[in-house]
Novice: 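Next up is a structure, given as structure tokens.
So you know, we letter chains A, B, ... as the sequences are listed, proteins then strands, and number each from 1.
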2 protein chains.
Amino acid sequence: MAPTSCGRTHDVYDSSCPCRHMLDLLANKWSALALGALEDGPRRFGALRSKLDGVSPKVLTATLRRLEEHGLIDRTVYPAVPLHVEYSLTPLGRDACEPLALLRRWVVDNIERFPQAVLSDPRASVAP
Amino acid sequence: MAPTSCGRTHDVYDSSCPCRHMLDLLANKWSALALGALEDGPRRFGALRSKLDGVSPKVLTATLRRLEEHGLIDRTVYPAVPLHVEYSLTPLGRDACEPLALLRRWVVDNIERFPQAVLSDPRASVAP
DNA sequence: ACCACTGGTTCCCAATGGATACTACGATGG
DNA sequence: CCATCGTAGTATCCATTGGGAACCAGTGGT
């Protein structure tokens with residue numbers, strides 16, 4: 001498997017391993033997009049909201065809070081005239097961006113190879 | 001962005017782009033684990049169920065069906081004495097494994113860097 | 001007849017996701 | 001003085017999904 005410095009073996013396939021929890025955090029549409037959106041500098045809530053087309057404020061807040069709790073992003077409040085809040089990557093978050101960027105990139109580069117039927121209708125699999 | 005052969009630009013940040021839908025499929029805990037579990041050869045339902053520690057049969061079925069519909073895995077039924085079903089990667093699925101393997105790998109390699117508090121309790125963020 | 005094995009399905013409930021509306025705060029402006 | 005705007009979210013409601021446990025079908029074994 002992949003032994004780590006603490007001496008234990010960590011395994012994403014083990015449901016009781018912390019790795020599983022972290023995979024659950026990162027292997028998530030909105031997390032992957034939010035971290036990617038911060039790759040080229042800090043962004044404010046509103047900017048993220050427009051960049052992550054289709055996200056609702058509730059879900060965006062939840063995603064950002066979760067990423068913050070896990071040390072992937074920082075949340076900085078500027079109590080200026082119109083209050084604004086900036087989100088930025090921590091070093092850990094920046095590192096996490098690498099595999100996520102590769103995944104996003106892979107999807108874009110290989111999108112043509114997927115069955116067309118299922119691409120056109122997001123809910124093609126839901127039969128009445 | 002990343003223009004593709006069809007002439008359109010594809011963008012995972014655009015909610016109406018098929019890419020978004022595919023990212024949603026791949027940026028998912030169970031998908032990432034299931035594809036990884038098939039990397040070194042076909043596996044049967046029961047084998048996947050044990051490998052993906054903690055998955056319920058319902059969710060595993062749904063995950064596998066979705067991956068099959070999207071052309072990432074094949075489902076082969078052997079109507080032999082004790083019926084068995086084998087799941088295997090398609091070429092597309094095999095290619096998709098690369099970025100997913102990097103992500104799983106990154107998590108395992110960097111797990112020690114995450115805040116310990118949040119690692120120990122998967123639901124630390126859930127207040128009364 | 002009964003149990004075990006394999007590969008699921010069904011049922012039910014809790015958690016999550018998503019859309020829409022609303023709040024808090026100070027600034028601006030009539 | 002009250003109304004309105006921009007910013008960053010909450011609140012509320014409902015649909016979808018995730019998850020656990022039980023159950024089912026087909027066959028072989030005892």
Novice: Nearest whole Å is fine: how far is D:dT10 C1' from A:Leu83 CG?
Specialist: 14 Å
Novice: Looking at C:dG18, D:dG9, C:dT9, which one has an atom nearest to any side-chain atom of A:Pro57?
Specialist: D:dG9
Novice: Side chain of B:Phe45, heavy atoms from C-beta onward: which of D:dG9, C:dG7, C:dT9 has the nearest atom to it?
Specialist: C:dG7
Novice: Output yes when at least one side-chain N/O atom of B:Arg43 is less than 4.0 Å from OP1 or OP2 of C:dT6, else no.
Specialist: no
Novice: Run the side chain to side chain contact (heavy atoms under 4.5 Å, CB included) check on A:Leu100 and B:Trp106 step by step: do they pass?
Specialist: CA-CA 10 Å; A:Leu100 292 176; B:Trp106 186 90; over 6 Å; no
Novice: Give the rounded distance in Å between these two atoms: CG of A:Leu25 and C1' of C:dT16.
Specialist: 15 Å
Novice: Hey, are B:Thr76 and B:Asp74 close enough side-chain-wise for a donor-acceptor pair under 3.5 Å?
Specialist: no
Novice: Tell me whether the OP1 or OP2 atom of C:dC25 has a side-chain N or O from A:Tyr78 closer than 4.0 Å.
Specialist: no
Novice: I'd like to know if B:Arg20 and B:Asp24 make a salt bridge, using a cut-off of under 4.0 Å between side-chain N and carboxylate O.
Specialist: no
Novice: Just the rounded figure in Å: distance from P of C:dT6 to CZ of B:Arg75.
Specialist: 16 Å
Novice: Just how far, in rounded Å, is P of C:dG18 from CZ of A:Arg49?
Specialist: 14 Å
Novice: OP1, OP2 of D:dT7 versus side-chain N and O of A:Arg44: anything below 4.0 Å?
Specialist: yes
Novice: Which of these nucleotides, D:dG18, D:dG20, C:dG17, is closest to any side-chain atom of B:Ser56?
Specialist: D:dG20
Novice: Can you check whether B:Trp30 has a side-chain N or O nearer than 4.0 Å to OP1 or OP2 of D:dG18?
Specialist: no
Novice: Would you say a side-chain N or O of A:Lys29 is under 4.0 Å from OP1 or OP2 of C:dG18?
Specialist: yes
Novice: Whole angstrom is fine here: how far is it from CG in A:Asn28 over to C1' in C:dG17?
Specialist: 11 Å
Novice: At what angle, to 10 degrees, do the two end axes of the helix from C:dA1-D:dT30 to C:dG30-D:dC1 meet, given five pairs define each axis?
Specialist: 30°
Novice: In whole angstroms, how far is the P atom of C:dT16 from the CG atom of A:Leu60?
Specialist: 17 Å
Novice: Going through the distances and angles, do A:Val55 and A:Thr63 end up as a side chain to side chain contact (heavy atoms under 4.5 Å, CB included)?
Specialist: CA-CA 10 Å; A:Val55 74; A:Thr63 302; 5.8 Å; no
Novice: Do the side-chain N and O atoms of B:Tyr87 and B:Arg75 include a donor-acceptor pair separated by under 3.5 angstrom?
Specialist: yes
Novice: Is any side-chain heavy atom of B:Val108 less than 4.5 Å from a side-chain heavy atom of A:Leu23?
Specialist: no
Novice: Could you state the NZ-C1' distance from B:Lys58 to D:dG19, rounded to the nearest angstrom?
Specialist: 7 Å
Novice: Looking only at side-chain N and O atoms, does A:Arg65 come under 4.0 Å of OP1 or OP2 in D:dG9?
Specialist: yes
Novice: C:dA19 P sits how many Å from A:Leu52 CG, rounded?
Specialist: 13 Å
Novice: Give a yes/no answer on whether the side chain of B:Arg66 brings an N or O atom under 4.0 Å of OP1 or OP2 in D:dT17.
Specialist: no
Novice: Please report whether the ring centroid of B:Phe114 lies less than 6.0 Å from that of A:His70.
Specialist: no
Novice: Is there a side-chain contact between A:Trp30 and A:Leu60 in this structure, where contact means two heavy atoms from C-beta onward sitting under 4.5 Å apart?
Specialist: no
